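Scroll down for the structure; my scribbles are underneath it.
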There are 2 protein chains.
Amino acid sequence: MTVAVPDNRLEADYLIETRYPLEQAAEAMAGEQSSGTFVAVPCETPELKARAAARVERIEVLGEAEAPSLPGAGTPRAGAASRPIRARVTLSWPLANIGPSLPNLLAMVAGNLFELKQFSGLRIEDMRLPPAFADAYPGPRFGVDGTRRLAGVERRPLIGTIVKPSVGLTAEDTADLVHTLAEAGIDFIKDDELQSDGPSCPFEDRARAVMRVINDHADRTGRKVMFAFNLTGDLDQMRRRHDLVRDLGGTCVMTSLNSVGLVGMIEFCRHSELPIHAHRNGWGALTRHPLLGWSYVAWQKPWRIAGVDHMHVNGIRNKFCEPDDSVIASARACLTPIWPDRPCIVMPVFSSGQSAGQAPDTFEALGTGDLIFAAGGGVMAHPDGPAAGVASLREAWEAAMAGRTLAEYATTHPALARALEAYSG
Amino acid sequence: MTVAVPDNRLEADYLIETRYPLEQAAEAMAGEQSSGTFVAVPCETPELKARAAARVERIEVLGEAEAPSLPGAGTPRAGAASRPIRARVTLSWPLANIGPSLPNLLAMVAGNLFELKQFSGLRIEDMRLPPAFADAYPGPRFGVDGTRRLAGVERRPLIGTIVKPSVGLTAEDTADLVHTLAEAGIDFIKDDELQSDGPSCPFEDRARAVMRVINDHADRTGRKVMFAFNLTGDLDQMRRRHDLVRDLGGTCVMTSLNSVGLVGMIEFCRHSELPIHAHRNGWGALTRHPLLGWSYVAWQKPWRIAGVDHMHVNGIRNKFCEPDDSVIASARACLTPIWPDRPCIVMPVFSSGQSAGQAPDTFEALGTGDLIFAAGGGVMAHPDGPAAGVASLREAWEAAMAGRTLAEYATTHPALARALEAYSG
């Protein structure tokens, strides 16, 4: 959702659950996250409040909960045992409280809120930032167009896969697998997030071995497979590894966002000359409970403004516990402009249990092929081999984007037909 | 808990809840976070597994849950509606999978686990790391002894407070308040985490104005108040602000850990020449649900190894929703060595609704005064003024550490007596 906010204020939307009167609970949020505190202090003058206090902009009642969703919440008075109320609350702050600083934004919109006694549920659903943030940070340097240019793929999704086993392959084992996948016609390959720079597969050895295969293949075919090397590590390590990949002719690097954190990512994005593939592992801790933490719609914004280019969104009918509507909301968020003149669009990355079958629903929900569609078993375990696996995914997307059913398209496309049989379970 | 692990392996303990057979569920965790994946892949040979697979070390059944704690979990077969089982599970990994890298450690022990369909609850309770990590990172440069030396406080806790209102004061307003607090005999003052570098209170102006007051006071009295300047921001900003504070004669800086993230903190810790006061705002999202996310005991370790010196732990009978036993477990964790010869001890910071009354229970639970005891209202709202507020907190800790009751000690200490009346509610 792109809603205009004044240039000098920020807004955040919350889902809350409380037994306190709603206005009182919302005012407690606004107070805690701006000039207020638990006790009145003499310096909080009307002038100071006018300058610095957060405002409650909107409260929308959603209904009653049967019981408190999270433990530890209080009641307005002893013995008050009414059912908690759920509501949407929007707060706003003066930009002048923090200036256009992404790390301080997190302290302001989240901060201590999750621990406030008034709430048995509190989740950040969205936030809207003034364009001063766009001037303070680089944003995605490649995004959809830059990624397509480097990968040599137009209109349709990039068909991708993940090096498996996740960890344990040597550098040469990895390069052998990349050879197989390049021959199979893959567009995109990523390291698993568990593979970084351990002594049994050092980053430098892996980068050299893999890029030798990819460069050879590009010399022969004119197509350079995009490989996202996981360079997650300390900042100097990440910069050195990036420079190595760039110098070897590589076209993508990967980081684990929650392992690196926001300030490390900001610094790395400023350094990077390659598309940054952002893995969200660890994200479940922030979102798995529906009344706690962050929605993806809110959480993805700072990373995009900082400058990542691809963001993981899970996939339809995935192997994890996220429902499809949540996956689609995440992908739509990645494709929705943050500001009209600085959209910061990133490519959503679909993965986890993906095969040909999910292409039509994914396309129908998004209306675009501006995404990376990554399949592990969907490529490697195709009964006719990886080349048929890649072909089946391309064919599924051709069908989906042409408005034809998979069943019909499969009658003239045997790789797709075999995939639909093999992955029907 | 300090349990020896082999030098070449890492261990992590989890609280889990599942409807799957426990061994199968634990093996799914180990597989997902090492060489396994949802489908068998041909390269996962016995040799590779021996080299890279995580091991299930222990499973301890805790009992049945009435219903799944988190939504989205599956069942081993359709219609299986048995009650979920809770258990403690310990996994171990070869250090060689990642090497001694803190960011990659997070991807390995947490990663996708929170999203696995097998679990209706999954929480990291502790982890044990081989000493290679101590060689790779600086650890706290000041800790307890260095902080005491700079603050000029021996044996007893540092008595501290927070600048309030949280945000909205100008630099000169802040300096005026610091003057009052220094005259009152305070040991330690911190910025609120919402105060950083907004245009209405620029960091540089605040640092200069506050240090002028603190240096004047030190010249007159010989005691330099420790002020934790919140320099949370992008990396270059943090380094510049640190250098300014150091050059002005300041003795402490503060960061919001969850806003900065691990790689930014590692880089900043390598740069810093001052004690680093680590604020945990945002932490609630990772811990508020008892069957999801992180326990503080596990979560605090990477920050200590990275090199922070003080860590917030909330306080007994606090204004938030955390129970006292959790607060005490957190503080004990901060004071427990990570390795015998590289303990990485940090000072726990008690705050939120603290006044004289909590000193005895806090001391009894910890058996030490190696902590920062920060009170807002407990200092500023003392009926006889801030000097009496500070005196009451010192007297409460004198009594506690001498094994005397507050009531008895108050008979000869009027500031304490007035505090016990005023904050009895």
Side-chain angles (χ1 to χ4, degrees), chain A residues 34-35 37-39 41 43-44 48 51-52 70 72-73 96-99 101 103-104 106-108 110-112 114-115 117 164-168 193-194 196-200 232-235 256 259-264 266-267 281-282 284-286 288-289 292-293 319-321 377 380-381, chain B residues 34-35 37-39 41 43-44 48 51-52 70 72-73 96-99 101 103-104 106-108 110-112 114-115 117 164-168 193-194 196-200 232-235 256 259-264 266-267 281-282 284-286 288-289 292-293 319-321 376-377 381:
Chain A
S34 65
S35 59
T37 183
F38 294 109
V39 291
V41 291
C43 305
E44 200 187 0
L48 184 143
R51 184 164 72 232
L70 297 170
N97 281 21
I98 53 166
S101 165
N104 288 300
L106 296 195
M108 198 179 68
N112 292 331
F114 305 110
E115 301 180 57
K117 216 161 197 156
K164 295 278 179 187
S166 318
V167 67
E193 72 275 12
L194 297 172
S196 49
D197 185 44
S200 39
T232 299
D234 299 350
L235 189 59
S256 290
S259 303
V260 174
L262 188 52
V263 166
I266 290 168
E267 194 68 12
N281 67 83
L286 290 166
R288 174 88 189 264
H289 192 287
L292 179 64
K319 299 284 187 180
F320 294 112
C321 52
M380 291 302 289
Chain B
S34 66
S35 59
T37 185
F38 294 108
V39 291
V41 290
C43 304
E44 199 188 1
L48 184 142
R51 183 164 73 232
L70 298 170
N97 281 22
I98 53 165
S101 165
N104 288 300
L106 297 194
M108 197 179 69
N112 292 332
F114 306 110
E115 301 179 57
K117 216 161 198 156
K164 296 278 180 186
S166 319
V167 66
E193 73 275 13
L194 298 172
S196 49
D197 186 44
S200 39
T232 300
D234 299 350
L235 189 59
S256 290
S259 303
V260 174
L262 188 53
V263 166
I266 290 167
E267 194 68 12
N281 68 81
L286 290 166
R288 174 89 189 264
H289 192 286
L292 179 64
K319 299 283 187 182
F320 293 113
C321 53

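Keep in mind that what you see is a predicted model, and the values were worked out from it rather than measured. Order of the sequence lines fixes the chain letters, A, B, ..., with proteins taken first and strands second; residue numbering starts at 1 for each chain. Heavy atoms only: backbone and side chains are in, while hydrogens, waters and symmetry mates are out.
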With only heavy atoms counted, which part of [X] is less than 4.5 Å from chain B, the side chain, the backbone, both or neither?
{"X": "A:M108", "answer": "both"}
{"X": "A:R51", "answer": "side chain"}
{"X": "A:L292", "answer": "side chain"}
{"X": "A:N112", "answer": "both"}
{"X": "A:S256", "answer": "side chain"}

_B:S34 versus B:A52, closest heavy-atom pair with distance_ =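 Closest approach of B:S34 to B:A52: CB-O, 3.5 Å.
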*Work out which heavy atom in A:L194 is nearest to a heavy atom in A:V167; give both atom names and the distance.*
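So the minimum-distance heavy-atom pair works out to O-CG2, 3.9 Å.
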*Would you mind checking which part of B:I266 comes under 4.5 Å of any heavy atom in chain A, side chain (CB onward), backbone (N, CA, C, O), both or neither?*
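Just the side chain, heavy atoms under 4.5 Å.
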*With a 4.5 angstrom heavy-atom cut-off, which part of B:N97 approaches chain A: side chain, backbone, both or neither?*
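Both backbone and side chain of B:N97 come within 4.5 Å of chain A.
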*Please examine the side chains of B:V260 and A:L262, heavy atoms only from C-beta on, and report whether any two atoms are closer than 4.5 Å.*
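Heavy-atom side-chain distance check fails, nothing below 4.5 Å.
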*Knowing that exactly one of A:D234, A:L235, A:V263 qualifies, which makes a side chain to side chain contact (heavy atoms under 4.5 Å, CB included) with B:E267?*
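Considering A:D234, A:L235, A:V263, a side chain to side chain contact (heavy atoms under 4.5 Å, CB included) with B:E267 is found only for A:L235.
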*Among B:A73, B:A107, B:G293, single out the residue with the greatest number of heavy-atom pairs under 4.5 Å to chain A.*
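Counting heavy-atom pairs under 4.5 Å, the top option is B:A107.
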